Protein chains: 2
Amino acid sequence: MADLNIASARDRHPAPDPAGQPPEPSWDLIELLFFAYRDFVGDPDEVLAKFGFGRAHHRVLHFVNRHPGITVASLLDILKITKQSLGRVLKQMISEGYIVQKEGANDRRQRLLYATPKGEALAMKLAGLQTARITRALRELGPGAHEAARRFLVAMIDASGRDDVLRQIARADQLRKAAHQAR
Amino acid sequence: MADLNIASARDRHPAPDPAGQPPEPSWDLIELLFFAYRDFVGDPDEVLAKFGFGRAHHRVLHFVNRHPGITVASLLDILKITKQSLGRVLKQMISEGYIVQKEGANDRRQRLLYATPKGEALAMKLAGLQTARITRALRELGPGAHEAARRFLVAMIDASGRDDVLRQIARADQLRKAAHQAR
DNA sequence: TATTTAGGTCAGCCATATTGACATATTTTG
DNA sequence: CAAAATATGTCAATATGGCTGACCTAAATA
């Protein structure tokens with residue numbers, strides 16, 4: 001078993017592809033992404049099931065919690081699903097008191113979305129599970145592993161959407177920090 | 001924009017959590033995993049759609065191609081789905097000539113699965129798309145990025161399944177290399 | 001010979017997504 | 001102000017990919 005990691009580090013890239021031939025696929029990263037992501041999203045599933053929710057609910061709650069007051073349109077833009085798909089899930093979470101809507105102050109057509117305390121608690125619990133996995137993983141690796149993972153994942157995102165994603169994360173962090181200090 | 005990356009590298013981890021308080025979630029990696037994985041699996045979708053296939057077909061074809069002669073039971077074990085779910089997809093891919101079954105030599109109850117040349121061509125095309133994204137990403141990062149990504153992803157997998165996954169990848173690489181040299 | 005194993009299949013259900021057609025309220029524009 | 005555009009919601013039908021439960025055959029094994 002110990003042999004597995006050592007031998008593979010050398011063999012993984014047989015050689016710069018012999019001119020002309022299509023390069024050998026990155027089987028390792030392709031498959032590791034599959035398995036890692038499956039486990040990563042699997043953690044919250046048990047908890048969600050107890051509430052009668054699924055992954056769609058998780059995603060909605062997550063981003064509403066991260067972006068208090070987000071518009072329906074922005075949420076659709078992040079999730080890249082249709083209004084109808086969102087509608088089904090959102091209606092449930094509102095009627096069960098995990099999310100509330102407030103009329104926009106400037107634009108009264110908007111229904112700004114907020115997690116309720118109950119909603120925030122669930123969102124934090126789910127994020128906690130995923131964070132535990134991440135923390136466990138990073139602890140096994142050297143320092144700089146967080147930054148390396150972050151860089152890799154950013155680079156894996158479509159160039160067209162990359163800046164939006166980074167801006168979005170930075171903005172949510174800012175908001176959260178401000179809210180924290182206000183306590 | 002340039003500011004985004006520089007500032008964030010410092011601010012991301014405000015401090016070792018003040019004793020007692022639950023640590024702040026890893027929002028960045030949680031969200032980057034979501035966006036990165038979405039784009040990663042999105043690449044093959046267009047191609048698959050042209051063949052009337054979906055992601056389920058992709059997964060089946062991928063692992064059959066990677067593990068020529070795999071048993072139905074092993075495939076179920078990797079995919080963690082039910083026989084019935086696999087059946088529907090597999091039946092289609094067999095009837096359309098992307099996969100064939102051969103009776104096991106030792107155990108004639110087994111139906112060993114193989115990708116046909118047509119199936120292999122499709123599998124390689126899909127793997128090529130995902131590899132292109134990975135290669136693009138790694139090219140932007142320093143050397144060692146492949147290994148760092150690999151380590152991170154391995155560490156993100158459930159400890160219980162990790163060795164199986166690594167063995168599985170190593171075995172498939174071996175087989176492939178052998179088959180290559182035989183040409 | 002009896003039991004277990006490998007695989008297949010039918011039927012019904014659920015979750016999540018889609019397209020397309022409309023409806024309502026509000027804001028913006030000519 | 002009237003007309004057009006925008007933000008949101010909703011109904012209906014459909015596709016995909018999962019699931020459980022029940023039951024079947026053929027082959028291996030105890």
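Because the structure is predicted, anything quoted here is derived from the model rather than measured.
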Q: For DNA chain C, note the earliest and the latest nucleotide, 5' to 3', having some atom under 4.0 Å of a heavy atom belonging to chain A.
A: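 Answer, 5' to 3': C/dT16 to C/dT27.
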
(Q) Starting from A/L175 and following side-chain heavy-atom contacts under 4.5 Å between hydrophobic residues (I, L, V, M, F, W, Y), which residues can be reached? (A)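 The other cluster members (ILVMFWY side chains, heavy atoms under 4.5 Å, direct or chained): none.
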
Q | Hydrophobic cluster partners of A/L112 (side-chain heavy atoms under 4.5 Å) | A |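 Its cluster partners, ordered by chain and number, are A/V100, A/Y114.
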
Q. What string of B, S and - do you get for nucleotides 21-30 of chain D 5' to 3' if you count protein non-hydrogen atoms under 4.0 Å?
A. BB---BBS--

(Q) Students often mix this up, so state it plainly: with edges at 30° and 60°, are the rings of B/H62 and B/H58 parallel, tilted or perpendicular? (A)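 B/H62 vs B/H58 ring planes: perpendicular.
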
Q: Look at the aromatic rings of B/F53 and B/Y98 and report parallel, tilted or perpendicular, splitting at 30° and 60°.
A: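 If you compare the ring of B/F53 with that of B/Y98, the planes turn out perpendicular.
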
For [X] and [N], give me the distance from atom [atom1] to atom [atom2], rounded to whole Å.
{"X": "A/L76", "N": "D/dG9", "atom1": "CG", "atom2": "P", "result": "9 Å"}
{"X": "B/F53", "N": "D/dG17", "atom1": "CZ", "atom2": "P", "result": "11 Å"}
{"X": "A/R88", "N": "D/dT14", "atom1": "CZ", "atom2": "P", "result": "18 Å"}
{"X": "A/K91", "N": "D/dT8", "atom1": "NZ", "atom2": "P", "result": "16 Å"}

Q | Charged N-O contact under 4.0 Å between B/R167 and B/D164 | A |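 B/D164 and B/R167: salt-bridged.
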
Q) Do you know the tightest heavy-atom contact between B/L32 and A/R150? A)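 Smallest heavy-atom distance, with atoms named: CD1-CG, 3.6 Å.
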
Q: Tell me whether the OP1 or OP2 atom of D/dG17 has a side-chain N or O from B/H57 closer than 4.0 Å.
A: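 Checking D/dG17 against B/H57, a side-chain N or O does come within under 4.0 Å of OP1 or OP2.
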
Q. Counting any heavy atom closer than 4.0 Å, what does B/G87 reach on the DNA or RNA strands: base, sugar-phosphate only, or nothing?
A.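 No contact.
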
Q) Which part of the nucleic acid, if any, lies within contact of B/H58, taking any heavy atom under 4.0 Å across all strands shown: a base, the sugar-phosphate backbone alone, or nothing? A)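 B/H58: no heavy atom of the nucleic acid under 4.0 Å.
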
**Q.** DNA chain C-proximal residues of residues 93-102 of chain A, any heavy atom under 4.0 Å
**A.**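 Contacting residues: none.
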
Q: Go through residues 61-75 of chain B and report each residue with a non-hydrogen atom lying under 4.0 Å from DNA chain C, sorted by number.
A: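 The answer is B/T71, B/V72, B/A73.
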
